[in-house]
Amino acid sequence: STLPARYTMNSNLVEVVEKQSSVISIQAGVIRDLFNLLSQYMSAEELDALPEVDRINTAAQIAADF
């Protein structure tokens with residue numbers, strides 16, 4: 001009798017993870033688009049000096065390792 005409850009909990013967790021993944025994908029796309037807009041107004045050297053670029057690169061490395 002615990003199997004249906006466990007199945008429901010697992011399917012709820014899958015649904016939560018899928019929704020979180022969708023939100024993260026949308027946010028990542030917006031960040032990428034905003035960065036592309038910003039890059040039209042700043043030189044490559046100025047962009048490279050931004051601490052946010054380091055964080056973007058760190059996130060990209062984590063994603064690549066995953």
Side-chain angles (χ1 to χ4, degrees):
S1 67
T2 60
L3 186 60
R6 188 175 297 153
Y7 177 78
T8 300
M9 186 173 72
N10 286 340
S11 67
N12 288 343
L13 289 174
V14 168
E15 184 179 351
V16 167
V17 170
E18 287 174 348
K19 286 183 180 182
Q20 287 177 334
S21 179
S22 294
V23 169
I24 291 168
S25 291
I26 292 167
Q27 290 172 331
V30 170
I31 291 167
R32 184 178 49 251
D33 292 346
L34 289 171
F35 187 77
N36 286 337
L37 284 172
L38 183 63
S39 69
Q40 295 176 14
Y41 299 96
M42 296 179 73
S43 69
E45 293 80 18
E46 290 173 314
L47 289 171
D48 285 342
L50 294 174
E52 291 79 9
V53 171
D54 288 334
R55 293 173 28 212
I56 290 170
N57 290 336
T58 299
Q61 186 59 52
I62 291 169
D65 293 344
F66 186 65

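Along the sequence shown, residues carry numbers from 1.
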Could you state the interatomic distance from [atom1] ([X]) to [atom2] ([Y]), rounded to the nearest 0.5 Å?
{"X": "Glu18", "Y": "Ser11", "atom1": "CD", "atom2": "OG", "answer": "10.0 Å"}
{"X": "Leu13", "Y": "Gln20", "atom1": "CG", "atom2": "CD", "answer": "10.0 Å"}
{"X": "Arg55", "Y": "Ile31", "atom1": "CZ", "atom2": "CD1", "answer": "9.5 Å"}
{"X": "Met42", "Y": "Phe35", "atom1": "CE", "atom2": "CZ", "answer": "8.5 Å"}

Donor-acceptor side-chain pairing of Gln61 and Asn57 below 3.5 angstrom: no
Exam field: side chain Ser25 to backbone Ser21, donor-acceptor pair closer than 3.5 Å: yes
Between Leu50 and Leu38, does a side chain to side chain contact (heavy atoms under 4.5 Å, CB included) hold up when you go through it step by step? CA-CA 11 Å; Leu50 294 174; Leu38 183 63; 4.1 Å; yes
Minimum heavy-atom separation for Val53 to Leu47, with atom names? CG2-O, 2.8 Å
What verdict does the side chain to side chain contact (heavy atoms under 4.5 Å, CB included) test give for Ser43 and Glu46, after you've listed the backbone C-alpha separation in whole Å, the side-chain angles of each residue and the deciding distance to 0.1 Å? CA-CA 5 Å; Ser43 69; Glu46 290 173 314; 3.2 Å; yes
